[in-house]
Novice: 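The following block contains the structure, expressed as structure tokens.
So you know, we letter chains A, B, ... as the sequences are listed, proteins then strands, and number each from 1. These numbers come from the heavy atoms of this one structure, side chains and all, not from hydrogens, waters or symmetry mates.
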Amino acid sequence: MRTSLYLLATTRETPADAVVVSHQLMLKAGLIRKLAAGMYTWLPMGLRVLHKVTNIVREEMNNAGALEVSMPVVQPAELWQESGRWDIMGDELQRFKDRHQRDFCLGPTHEEVITDLVLNEYNSYKQLPVNIYQIQTKFRDERRPRFGVMRAREFIMKDAYSFHIDKTSLQQTYDQMYATYQRIFTRLGFHFRAVLADSGNIGGSCSHEFHVLADSGEDLIVFSDNGDYAANMEMASALAPADLDVSAATRSMQKVATPDSKSIEDVAAFLQVQPSALIKTLIVLAETDTASVQPSLIALVLRGDHQLNEIKAGKLEGVRSPLTFATDTDIQATLGCLPGSIGPVHLNIPILVDRDAAVLSDFVCGANSDGFHLRGVNWKRDCNYLRVEDMRNVVEGDLSPDGKGVLSIKRGIEVGHIFQLGNKYSKAMNAKVLDENGRNTVMEMGCYGIGVSRIVAAAIEQCHDEKGIIWPDNIAPFHVAIIPLNAHKAPQVLEVCEQLYKELAAVGIEVLLDDRDRKTSPGVKFADMELIGIPHRLVVSDRGLESGAIEYKHRTKPDSEMIAQGEVVKYLRDLIKC
RNA sequence: CGGAGUGUAGCUCAGACUGGUAGAGCACUGCCUUCGGGAGGCAGGGGUCAUGGGUUCAAAUCCCUUCACUCCGACCA
């Protein structure tokens, strides 16, 4: 391609509304333009990258035996009503009516459609397992789209769905997809981790997320420094504390006035103790089957310096899911005091205690009386609780639950997620096949997503410098940029460029020839090619040609080198691995 | 959905407090010079100052409405 015939939409200024570096660079390099909040046009340069990513994903999925289809973006409400998600999903499901007043939605995902397809087309266990995928535009009306294509409302996703006669078969495909994802993200040149994940709304049991490690990532991922354990923050657990003698009370309980001290920090400072010597008591709604006037409450107790993990807490028996904090009014009505002074001593609601809070002795807690706390409190002697549970977020330095090493926490961008759905959708939608005994059997399902458009942003987050993007060869929009210098003085410069252009194209190397006229200064050409992130650069100049040489420079290397004109094609062909 | 903020040229922004002919830089067009790291000169084109209403002799500017967008938080397969 020649720049004179291309849409080279680079800008000098950084658009004001871009916060993260990938968003800024995608706009500056002319890869995308915003149409509306969370909706982007892919310009020619960006689309080339997107297609490279898409092709890698497609190749690996095909190699794994998956079958590609394309399902509609618009889906009828009936399917979503069958699965029950029409009512469960919030406003991120974009609903609308057609001219006949029939309900439709924009597909945020395609479990319903694929299940409907498979239940019609597949009838026998002999046809299973099957893994069907598409690379398709999705729409989710995110409450807060941000970071460009990283969290867009309209985005491109590879979504695959597998169907099985039993759980063993599902596990096999799940393992195969796990390995396929490892290959895909390795080919994309990512520094990534697979972590145990919560399956959330989509349902199912076993689930892994694949994260690209990047400081701008929205998710926290946790992994052991000396073992295989890796999980996202929602799922991560630390090793349970060893059983300590919780009866080792050395102090008597004492009520102290703590005026105006409501937070853990305030109370710790006021009483001159560490936050870890305090406990905090959070009041949430209990699981109830009757809509009583006053909701029943449950207390969750944590060590003062620990944070509640709302996902883990929401899964605890007796706790309403999703986790819902009680209002101050409810707390006042039931407990007679406000948050800031609540504690487990003589508390008249069920109490669940985090494992690390349960091994404290002589601790400080609220006195259930506004403005007062208790010191020297001990579990066995002074309080009753229902159960000990794991309900806190892990922190850096916690022991790994597998007993190997310590936990570290890093930020990640979720680029892939695989789930074992089980029969959630197949059962709801009556997706059955005949088994070998001729009996109708509900199929087991797995689903496997990759955020294709997000991958482009993640790659930039992971590889850029102050000049711009640095693409790996695999997904670069062009492999090589050719920049002619002094072409107006020496006609042979352009001739050599044209010849190189043809020769490189002939061996499958993608070239962008910057043939903009002399009004575009060399500095502008260098800067543009660096901003766009083309990994290899050739400079053809009258000076170099005098000695029969062409200058080569890699985007990541500080210095260039001179290469004999006749060697250039071979040199690049050996260098570029695609 | 709560809190905060911003809408003026394609982009980045000034002008607003204190009402009085619409501005700069970049980008774009033409000519000249320059030519290995975002060149210089001259001359141009381009804005219904987000929208609707109000106050005023006069509104980009003051007041109100609506909309859009951004940030923080909550939320999120």
Side-chain angles (χ1 to χ4, degrees), chain A residues 8-20 23-24 27-28 30 33-39 83 85 88-93 107-112 138-148 150-153 155 157 159-161 197-204 207-209 218-219 232 234 310-311 314 322-325 414 416-421 424-425 445-451 454 466-468 483-490 493 514 516-531 537-545 551 553 560 562:
Chain A
L8 210 59
T10 56
T11 63
R12 203 172 291 194
E13 311 256 14
T14 302
D17 54 6
V19 182
V20 294
H23 188 196
Q24 293 172 349
L27 291 165
K28 281 185 81 172
R33 286 291 182 261
K34 185 171 80 172
L35 179 65
M39 297 160 65
S83 72
R85 291 206 290 181
I88 292 169
M89 298 271 294
D91 285 338
E92 68 269 16
L93 181 65
T109 178
H110 283 71
E111 280 82 11
E112 283 81 358
K138 302 281 188 276
F139 191 92
R140 296 178 192 173
D141 193 7
E142 293 278 353
R143 289 177 188 203
R144 192 171 158 210
R146 59 183 138 179
F147 304 155
M150 247 178 15
R151 178 164 294 273
R153 292 197 289 176
F155 59 100
M157 186 172 173
D159 49 326
Y161 307 88
D198 180 56
S199 47
N201 279 0
I202 200 165
S207 168
H208 285 86
E209 288 172 355
E218 290 187 276
D219 300 307
N232 67 11
E234 294 174 346
E310 297 189 22
I311 301 292
L323 189 82
T324 313
F325 285 100
E414 183 188 345
H417 200 161
I418 59 178
F419 304 78
Q420 292 191 21
L421 295 176
K424 175 175 170 171
Y425 297 91
M445 281 178 69
C447 103
Y448 319 93
I450 287 182
R454 177 181 282 184
E466 67 286 346
K467 291 175 177 170
I483 299 180
L485 287 186
N486 291 332
H488 59 288
K489 280 188 194 163
V493 167
D514 198 345
R516 285 178 288 179
D517 67 18
R518 58 188 294 197
K519 285 192 169 181
T520 304
S521 72
V524 169
K525 293 182 178 180
F526 292 145
D528 274 346
M529 294 304 133
E530 283 161 346
L531 173 60
R537 183 184 84 188
L538 295 175
V539 177
V540 178
S541 68
D542 50 347
R543 261 190 246 160
L545 289 182
E551 177 187 309
K553 182 181 173 302
S560 58
M562 299 307 291

Novice: If each of A:T10 and A:R151 is mapped to the nucleotide of RNA chain B with the nearest heavy atom, which maps nearer the 5' terminus, i.e. the 5' end?
Specialist: A:T10
Novice: Expressed as a whole number of Å, how far does the P atom of B:G3 sit from that of B:A60?
Specialist: 31 Å
Novice: With nearest nucleotide decided by heavy atoms, which residue, A:K138 or A:V539, maps closer to the 5′ end of RNA chain B?
Specialist: A:V539
Novice: Kindly confirm or rule out a cation-pi arrangement of A:R537 over A:F526, judged by NZ or CZ under 6.0 Å from the six-membered ring centre and within 45° of its axis?
Specialist: yes
Novice: Please tell me if the side chains of A:R516 and A:K525 come closer than 4.5 Å, counting only heavy atoms from C-beta onward.
Specialist: yes
Novice: Out of B:G38, B:C75, B:G36, which has the shortest distance to the side chain of A:F526?
Specialist: B:G36
Novice: Does a distance-only test, which skips hydrogens and angles, find a donor-acceptor pair under 3.5 Å between the side chain of A:N486 and the base of B:G36?
Specialist: no
Novice: Below 3.5 Å between N/O atoms, which protein atoms pair up with nucleotides 39-46 of chain B? Just atom names and distances, please.
Specialist:
| residue | atom | partner | partner atom | Å |
| --- | --- | --- | --- | --- |
| B:A39 | OP2 | A:S521 | OG | 3.1 |

Novice: By nearest atom, which of the nucleotides B:G37, B:G36, B:C71 is closest to the A:V19 side chain?
Specialist: B:C71
Novice: Give me, pair by pair, the N or O atoms of the protein and of nucleotides 9-16 of chain B that are less than 3.5 Å apart, along with how far apart they are.
Specialist:
| residue | atom | partner | partner atom | Å |
| --- | --- | --- | --- | --- |
| B:U12 | OP1 | A:A16 | N | 2.9 |

Novice: Is A:E530 side chain donor-acceptor paired with the B:G38 base, going by distance under 3.5 Å alone?
Specialist: no
Novice: Please work out if A:D528 contacts a base, only the sugar-phosphate, or nothing of the nucleic acid, heavy-atom cut-off 4.0 Å.
Specialist: base
Novice: Under a 3.5 Å cut-off for both contacts, is B:U6 paired Watson-Crick or G-U wobble with anything, and if yes, with which nucleotide?
Specialist: B:A68
Novice: Of all residues at least two apart in sequence or in a different chain, which pass the salt bridge (Lys or Arg N to Asp or Glu O under 4.0 Å) check with A:E142?
Specialist: A:R151
Novice: My understanding is that only residues two or more places apart in sequence, or in another chain, count here; which of them pass salt bridge (Lys or Arg N to Asp or Glu O under 4.0 Å) with A:E112?
Specialist: A:R85
Novice: Contact class for A:M529 vs. all strands (heavy atom < 4.0 Å): base, sugar-phosphate, or nothing?
Specialist: nothing
Novice: Look at the side chain of A:R146 and decide which nucleotide, out of B:C69, B:C75, B:G37, has an atom nearest to it.
Specialist: B:C75
Novice: Look at the side chain of A:A37 and decide which nucleotide, out of B:G73, B:C69, B:G36, has an atom nearest to it.
Specialist: B:C69
Novice: Could you please name the option among B:A74, B:G38, B:G36 that lies closest to any side-chain atom of A:R143?
Specialist: B:A74
Novice: Which is true for A:K34 with a 4.0 Å heavy-atom rule: it touches a base, it touches only sugar-phosphate, or it touches nothing?
Specialist: sugar-phosphate
Novice: Just by distance, with hydrogens left out, do A:N486 and A:D542 show a side-chain donor and acceptor under 3.5 Å apart?
Specialist: yes
Novice: Enter the distance from A:H417:NE2 to A:M157:CE here, rounded to the nearest 0.5 Å.
Specialist: 9.5 Å
Novice: For A:S541, give me all partners under side chain to side chain donor-acceptor pair (under 3.5 Å), at least two apart in sequence or on another chain.
Specialist: none
Novice: Under the 3.5 Å rule, do the base of B:G37 and the side chain of A:R537 count as making a donor-acceptor pair?
Specialist: yes
Novice: Using the side chain to side chain contact (heavy atoms under 4.5 Å, CB included) criterion, which residues pair with A:M39? Sequence neighbours excluded.
Specialist: A:A36, A:F139, A:R153, A:E154
